[in-house]
J.: 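Submitted below is the structure of interest, expressed as structure tokens.
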There are 2 protein chains.
Amino acid sequence: MERHTETEQKIIASAEKLFYQKGKAGTSMQDIADDAGINRTLLNYYFRTKDQLFDAVFRTAMGRFVPALAELLHSDMPIEEYIPVMIDRVITAMIEYPQIPAFVLQELNSNPDRLPQVIKEMGIDPDVAMKKMEREERGALKSDIDPRQVIISLLSMCIFPFAARPVIREVLYGGDDDAFIEAMEQRKKLVPLMVRQIMLMKNPIP
Amino acid sequence: MERHTETEQKIIASAEKLFYQKGKAGTSMQDIADDAGINRTLLNYYFRTKDQLFDAVFRTAMGRFVPALAELLHSDMPIEEYIPVMIDRVITAMIEYPQIPAFVLQELNSNPDRLPQVIKEMGIDPDVAMKKMEREERGALKSDIDPRQVIISLLSMCIFPFAARPVIREVLYGGDDDAFIEAMEQRKKLVPLMVRQIMLMKNPIP
DNA sequence: GTCTATATTGTGATAGAC
DNA sequence: GTCTATCACAATATAGAC
């Protein structure tokens with residue numbers, strides 16, 4: 001399908017790396033060209049403008065972790081069955097691309113206009129998602145707790161540790177990155193248990 | 001103590017607003033001057049360089065929520081007693097300054113050199129923090145679970161919802177910001193209960 | 001303290017030779 | 001497809017008048 005020259009590949013790879021790290025405004029076309037080891041004008045040749053190059057990278061970034069999230073809100077199966085596999089998938093993606101969460105969140109924060117695009121690419125219909133939440137409320141989740149609060153906690157526990165990786169690694173794991181990763185691997189099994197505990201709560205808020 | 005002219009105040013206020021929103025590289029000195037309604041060269045007069053102005057803002061940002069976090073790792077009292085008040089304080093700070101989490105996380109991500117400064121200003125000694133964690137392991141937390149995993153989940157559940165605010169608000173609350181805030185208020189009571197449930201887990205990982 | 005004028009460098013983008 | 005040369009413009013920062 002996709003016909004990509006070697007040069008184009010190198011551009012995307014360098015652009016991804018630098019945009020993740022320094023953000024859109026913090027990265028110049030020259031930076032990307034230098035990192036890729038090519039002439040700066042080639043960026044314009046392949047992607048016309050910086051905006052278009054960034055869009056390509058942003059789309060790539062979302063494609064790396066959004067599908068796992070979207071599925072959680074979509075499936076007709078009881079939410080409970082999906083949780084463990086979902087968590088495993090999300091954490092696995094985070095370990096592979098640890099810089100993406102902070103990158104996407106910052107970009108959404110500074111450019112809210114992109115939100116509709118994000119939601120659309122997630123394939124999520126907000127209305128459908130909300131209806132589903134309301135159905136779950138008296139369904140498989142035999143809990144009095146608002147299922148949205150569970151979802152929020154679930155996503156938080158999977159994604160936030162990576163967004164805050166440098167601090168957590170330094171303060172809680174003495175700067176040892178292997179120890180941090182090991183802890184995240186453990187979370188693949190741990191977070192589902194935590195979520196289960198949370199779902200078992202009765203009458204949390206009267 | 002602090003002697004600040006009105007102009008200086010206006011600069012800091014505008015700089016805070018814009019840096020939170022657009023980041024350091026995404027905000028020009030001109031942008032800040034325009035927002036503050038003053039001449040651009042006054043920024044240089046009061047803060048010499050953009051870097052120094054940004055540092056001032058970054059310090060301010062941390063001062064707004066770091067103390068509440070630092071206390072969690074410091075106190076000699078059993079961790080369990082502190083949790084509810086801690087959570088309340090953190091969420092309250094997040095509601096007041098919702099853009100700070102994504103801002104600080106992105107800045108730490110793109111400029112890891114700042115981490116030591118952050119840790120120092122938190123007043124945290126990582127060694128002390130880790131020792132404490134190990135002590136708690138067989139202490140007040142009567143659980144087999146690694147207390148660091150609890151801390152991570154606790155912070156995640158408090159901070160992440162705000163970092164991901166635009167998405168969560170749109171997908172889970174139909175774009176209604178009041179509903180989002182209301183849900184966060186509920187979390188002040190809800191998250192402590194969730195954490196308690198998590199701490200009660202037995203033999204989560206053999 | 002506040003302004004105008006200016007120096008200097010960086011940046012995105014294009015035209016045109018090869 | 002890849003390079004050199006060049007453009008227009010925006011950015012930070014400083015000097016100096018008021």
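Labels below follow one simple rule: chain letters A, B, ... track the order of the sequence lines, proteins then strands, and each chain is numbered from 1.
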J.: Between B:D176 and B:R169, is the closest basic N to carboxylate O distance under 4.0 Å?
T.: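 No, no charged N to carboxylate O under 4.0 Å.
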J.: Working to the nearest 0.5 angstrom, can you tell me the gap between A:L18 CG and A:K24 NZ?
T.: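 Nearest 0.5 Å value for the CG-NZ distance: 15.0 Å.
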J.: With under 30° as parallel and over 60° as perpendicular, where do the rings of A:Y20 and A:F103 fit, or are they tilted in between?
T.: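 The arrangement is tilted - the two ring planes meet at 30° to 60°.
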J.: Between A:K50 and B:N39, which residue's closest nucleotide on DNA chain C lies nearer the 5′ terminus?
T.: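 Looking at the nearest nucleotide for each, B:N39 comes out on the 5' side.
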J.: With nearest nucleotides of DNA chain C determined for B:I38 and A:R40 from heavy-atom distances, which residue corresponds to the more 5′ nucleotide?
T.: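 Closer to the 5' end of DNA chain C: B:I38.
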J.: Is A:T41 touching bases, backbone alone, or none of the nucleic acid, heavy atoms closer than 4.0 Å?
T.: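 Base, at least one base atom sits under 4.0 Å.
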J.: Using whole Å, what does the distance between atom P of nucleotide C:dG10 and atom CD of B:Q30 come to?
T.: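 Rounded to the whole Å, the gap is 20 Å.
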J.: Measure from the side-chain heavy atoms of A:Y45 and tell me the nearest of D:dA13, D:dG1, C:dT2.
T.: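 Of the options given, the side chain of A:Y45 lies nearest D:dG1.
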J.: Could you give the CG-to-P distance, from A:D51 to C:dG12, as a whole number of Å?
T.: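 In whole Å, C:dG12 P lies 10 Å from A:D51 CG.
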J.: When you get a sec, tell me which of D:dA13, C:dA13, C:dT2 is the closest nucleotide to the side chain of B:T49?
T.: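 The answer is D:dA13, which lies nearest to the side chain.
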J.: Give the rounded distance in Å between these two atoms: CG of A:D31 and C1' of C:dG12.
T.: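 Roughly 13 Å, once rounded to whole Å.
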J.: Which nucleotide, D:dG1, C:dC3, C:dA13, lies nearest any side-chain atom of A:T5?
T.: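 The answer is D:dG1.
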J.: Rounded off to whole Å, could you give me the CZ-to-C1' distance for the A:F47 and D:dT2 pair?
T.: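 So the CZ-C1' distance, A:F47 to D:dT2, works out to 16 Å.
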J.: Could you state the atom-to-atom distance from CG of B:N44 to C1' of C:dT8 in whole Å?
T.: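 Atom-to-atom, B:N44 to C:dT8, this comes out as 14 Å.
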J.: A cation-pi test, strictly: NZ or CZ of B:R114 under 6.0 Å from the centre of the six-membered ring of B:F58 and no more than 45 degrees from its axis. Yes or no?
T.: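 Judged by the rule, B:R114 and B:F58 form a cation-pi pair.
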J.: Write down the distance between NZ (A:K10) and C1' (D:dG1), rounded to a whole number of angstrom.
T.: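 It is 13 Å, rounded to the nearest whole Å.
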J.: What is the distance, to the nearest angstrom, from the CD atom on B:Q52 to the P atom on D:dT14?
T.: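 These atoms are roughly 10 Å apart.
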J.: Figure out the CD1/C1' separation between A:I32 and C:dT11, and round it to whole Å.
T.: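 Whole-Å distance recorded here is 12 Å.
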J.: Taking A:K189 first and then A:D88, would you say they form a salt bridge - that is, a charged N and a carboxylate O separated by under 4.0 Å?
T.: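 Answer for the salt bridge query: no.
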J.: So if I take every side-chain heavy atom of A:L42 and compare against C:dT14, D:dC3, D:dT14, which nucleotide ends up nearest?
T.: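 Nearest to the side-chain atoms of A:L42, counting from C-beta on, is D:dC3.
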